[in-house]
Amino acid sequence: MRRMDWSHVGLNCTDQKATEEFYTRYFGFTRARVVDLGESQIVFLRRGDAYLELFASGNAPARTAPGVPPAVAGGDGPQEPGRMRHLAFQTDSVDAFLEGLGDAAEVTLGPLDFDDFICGWRTVWVRDPDGVIVEVSQGFEDDRSHDKDGA
């Protein structure tokens with residue numbers, strides 16, 4: 001099989017500057033590149049091997065049908081097939097993340113504890129400036145019993 005590496009997620013932004021500030025300030029991304037398209041630009045943000053590609057979008061949020069207001073994602077994100085449910089990040093402390101976030105983003109669900117599955121697993125979901133749901137978790141671990149060598 002040919003090598004295949006994760007590349008990026010492209011996000012349409014109502015306000016590129018506000019979205020860039022949100023992900024740099026609260027998630028540790030830094031600007032990696034700007035592609036100048038004349039009247040617009042594409043901004044690439046990087047954190048480790050993860051990239052976000054920010055597009056300026058003059059479009060209104062998608063509508064489910066003519067005359068129906070745009071759906072605003074809540075909870076842990078949209079449930080419809082073909083739509084991204086949420087972006088997800090790991091942290092050492094959900095509480096410290098929320099304290100640092102303050103009122104910069106709306107909590108859409110949680111924080112919830114999943115100790116019944118993994119001791120110490122805790123998650124909260126927030127809405128970014130463009131309505132994308134972002135999950136922030138602490139304590140998640142892989143189930144190593146699925147490894148080929150059983151280690």
Side-chain angles (χ1 to χ4, degrees), residues 1-115 117-118 120-142:
M1 181 175 190
R2 292 182 183 194
R3 185 179 134 217
M4 184 65 64
D5 295 324
W6 176 257
S7 180
H8 66 271
V9 172
L11 299 175
N12 292 319
C13 308
T14 303
D15 180 339
Q16 262 182 320
K17 185 176 179 179
T19 302
E20 180 177 3
E21 183 177 311
F22 180 77
Y23 286 101
T24 56
R25 182 172 181 185
Y26 300 110
F27 293 90
F29 281 84
T30 58
R31 186 179 273 204
R33 177 177 296 277
V34 174
V35 177
D36 186 357
L37 302 174
E39 292 187 26
S40 66
Q41 62 183 11
I42 302 170
V43 177
F44 286 87
L45 303 180
R46 179 180 185 170
R47 184 167 189 265
D49 291 336
Y51 286 87
L52 297 176
E53 183 180 16
L54 308 182
F55 293 89
S57 177
N59 298 328
R63 298 177 184 275
T64 55
V68 175
V72 176
D76 70 345
Q79 309 291 308
E80 301 84 14
R83 292 188 64 197
M84 180 184 70
R85 192 161 181 145
H86 55 251
L87 297 176
F89 296 91
Q90 291 283 325
T91 185
D92 292 336
S93 171
V94 166
D95 291 331
F97 166 76
L98 288 171
E99 185 177 318
L101 186 67
D103 63 357
E106 174 190 358
V107 172
T108 61
L109 182 63
L112 300 177
D113 295 314
F114 297 108
D115 285 323
F117 305 102
I118 300 172
W121 183 13
R122 191 156 192 260
T123 304
V124 67
W125 292 264
V126 300
R127 189 183 331 274
D128 86 355
D130 298 296
V132 173
I133 302 299
V134 181
E135 173 185 343
V136 178
S137 292
Q138 70 184 49
F140 177 86
E141 298 175 358
D142 288 347

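Counting from 1, the numbers follow the sequence of the chain as shown.
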Next on the checklist: Go through it in stages, so that I can follow the logic: the residues are Phe89 and Glu135, the test is side chain to side chain contact (heavy atoms under 4.5 Å, CB included), and I'd like the CA-CA distance, side-chain angles, deciding distance and then a yes or no.
Outcome noted: CA-CA 6 Å; Phe89 296 91; Glu135 173 185 343; over 6 Å; no

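- Judged by distance alone, with hydrogens and angles left aside, the side-chain atoms of Asp130 form a donor-acceptor pair with the main-chain N or O of Thr14 at under 3.5 Å.
- Taking the side chain as every heavy atom from C-beta outward, Val107 and Leu98 approach each other to under 4.5 Å.
- Note that CD of Gln16 is 10.5 Å distant from CG of Leu11, once rounded to the nearest 0.5 Å.
- Under the salt bridge (Lys or Arg N to Asp or Glu O under 4.0 Å) criterion, the residue pairs touching residues 92-109 are Asp95-Arg122, Glu106-Arg127, with sequence neighbours excluded.
- Here Arg47 pairs with Phe29 under the side-chain contact (heavy atoms from CB on, under 4.5 Å) rule; sequence neighbours left out.
- Between Asn12 and Ser57, the closest heavy-atom pair is CB-CB, 3.9 Å.
- No more than 12 heavy atoms of other residues, nucleotides or ligands lie within 6.0 Å of CD in Glu21, so this atom counts as exposed by the packing criterion.
- Using a 4.5 Å cut-off on side-chain heavy atoms (C-beta onward), Leu87 and Val132 make contact.
- With sequence neighbours excluded, the residues that form a side-chain contact (heavy atoms from CB on, under 4.5 Å) with Ile42 are Val35, Leu37, Phe44, Glu53, Phe55.
- Taking each heavy atom of Pro111 and Val94 in turn, the nearest pair found is CB-CG1, 4.2 Å.
- The distance from atom OH of Tyr51 to atom CZ of Arg33, rounded to the nearest 0.5 Å, is 9.0 Å.
- Contact record, Val34 with Gln41: CG1-OE1, 3.2 Å, taken as the closest heavy-atom pair.
- For Arg31, the salt bridge (charged side-chain N to carboxylate O under 4.0 Å, His left out) test picks out Glu20, with sequence neighbours left out.
- By the ring-ring contact (aromatic ring centres under 6.0 Å, His included) test, Phe22 is found to be paired with Tyr26, Phe27, residues two or more places apart in sequence or in another chain being considered.
- Between Leu101 and Ala105 the shortest heavy-atom distance is CD2-CB, 3.9 Å.
- Atom CG of Asp49 has 12 or fewer neighbouring heavy atoms from other residues, nucleotides or ligands inside a 6.0 Å radius.
- Once rounded to the nearest 0.5 Å, the distance linking NZ of Lys17 with CG of Leu54 reads 14.0 Å.
- Note that OG1 of Thr24 is 16.0 Å distant from CZ of Arg46, once rounded to the nearest 0.5 Å.
- When all heavy atoms of Pro129 and Ala18 are compared, the closest pair comes out as CG-O, 3.9 Å.
- To the nearest 0.5 Å, atoms CD1 (Ile118) and CG (Asp113) are separated by 12.5 Å.
- Listed by chain and number, the residues in a side chain to side chain donor-acceptor pair (under 3.5 Å) with Thr123 are Trp121, Ser137 (sequence neighbours excluded).
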Next on the checklist: Please determine whether side chain to side chain contact (heavy atoms under 4.5 Å, CB included) holds for the pair Val134 and Trp125, giving the CA-CA distance in whole Å, both sets of side-chain angles, and the decisive distance to 0.1 Å.
Outcome noted: CA-CA 5 Å; Val134 181; Trp125 292 264; over 6 Å; no

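- Atom-to-atom distance recorded for Tyr23:OH and Leu45:CG is 9.5 Å, nearest 0.5 angstrom.
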